[in-house]
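Just so we're clear, the structure is a prediction, and the values are computed from it rather than from any experiment. Each residue takes its place number in the sequence, starting with 1.
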Amino acid sequence: MKSYLQEGDQIDVTLSASVTGGIATLVGAAMFGVPMIDGVSGDTVTLVREGVFSDQPKKAGEAWAVGDKLYWDNTAKNFTTTATNNLYVGIARDAALAADTTGVVVLDRRVG
């Protein structure tokens with residue numbers, strides 16, 4: 001197809017803020033994923049928008065069950081089960097205890 005550029009599971013983006021490689025981030029209003037490398041404002045990095053990611057920041061005091069819908073709290077910079085004022089980004093692959101600070105998430109590029 002003449003206008004086709006690429007698949008959408010990995011996209012190069014120009015950053016407007018610093019990111020840490022391997023930790024989920026929101027770029028703009030709805031481009032969500034996990035950067036492959038660290039970057040600072042103005043850098044171009046590859047954002048992975050689909051897949052299973054371990055060691056992702058999780059809201060403290062919140063337990064997750066397998067398959068729970070997960071949302072990104074861009075103020076706290078973590079995943080949560082709270083939908084209000086947050087962007088839906090995927091599901092919990094594994095259960096997580098309330099005391100856990102990280103979790104395993106499944107991102108789906110079609111949602112963010």
Visitor: State plainly whether one hydrophobic cluster holds both V52 and I91, where clusters connect Ile, Leu, Val, Met, Phe, Trp and Tyr through side-chain heavy atoms under 4.5 angstrom apart.
Guide: yes
Visitor: Please find the pair of heavy atoms, one from L70 and one from V105, that lie closest to each other, and give the distance.
Guide: CD1-CG1, 3.3 Å
Visitor: When you look at D108 and E50, which way does the side-chain contact (heavy atoms from CB on, under 4.5 Å) test go after all the steps?
Guide: CA-CA 5 Å; D108 184 342; E50 182 174 54; 4.1 Å; yes
Visitor: Tell me which one of D43, V13, L47 satisfies side chain to side chain contact (heavy atoms under 4.5 Å, CB included) with P35.
Guide: L47
Visitor: May I ask you to check whether D12 and T46 show a side-chain donor-acceptor distance below 3.5 Å?
Guide: yes
Visitor: Can you check whether D73 reaches K59 side chain to side chain, under 4.5 Å on heavy atoms?
Guide: no
Visitor: Backbone N or O of E7 within a donor-acceptor pair of the Y4 side chain at under 3.5 Å?
Guide: yes
Visitor: Can you confirm whether Y71 sits close enough to F79 that some side-chain heavy atom of one is under 4.5 Å from a side-chain heavy atom of the other?
Guide: no
Visitor: Ignoring hydrogens and angles, tell me if any N or O in the side chain of D38 forms a donor-acceptor pair with the backbone of G21 under 3.5 Å.
Guide: yes
Visitor: Is any side-chain heavy atom of K58 less than 4.5 Å from a side-chain heavy atom of N78?
Guide: no
Visitor: Is the side chain of D68 donor-acceptor paired with the backbone N or O of W64 at a distance under 3.5 Å, no angle test?
Guide: no
Visitor: What's the spacing between I23 CD1 and F53 CZ if we round to 0.5 Å?
Guide: 10.5 Å
Visitor: If you look at every heavy atom in W72 and A24, which pair is closest and at what distance?
Guide: CH2-O, 3.6 Å
Visitor: Is the backbone of S54 close enough, under 3.5 Å, to the side chain of Q56 for a donor and an acceptor to pair up by distance?
Guide: yes
Visitor: Nearest heavy-atom pair of E62 and T82: which atoms, and what distance?
Guide: OE1-OG1, 3.9 Å
Visitor: So which heavy atom on A92 is nearest to which on A65, and how close?
Guide: CB-O, 3.6 Å
Visitor: If you count every heavy atom of other residues, nucleotides or ligands that lies below 6.0 Å from N85 atom CG, does the total exceed 12?
Guide: no
Visitor: Report yes if some heavy atom in the side chain of V45 is under 4.5 Å from a heavy atom in the side chain of M36; otherwise report no.
Guide: no
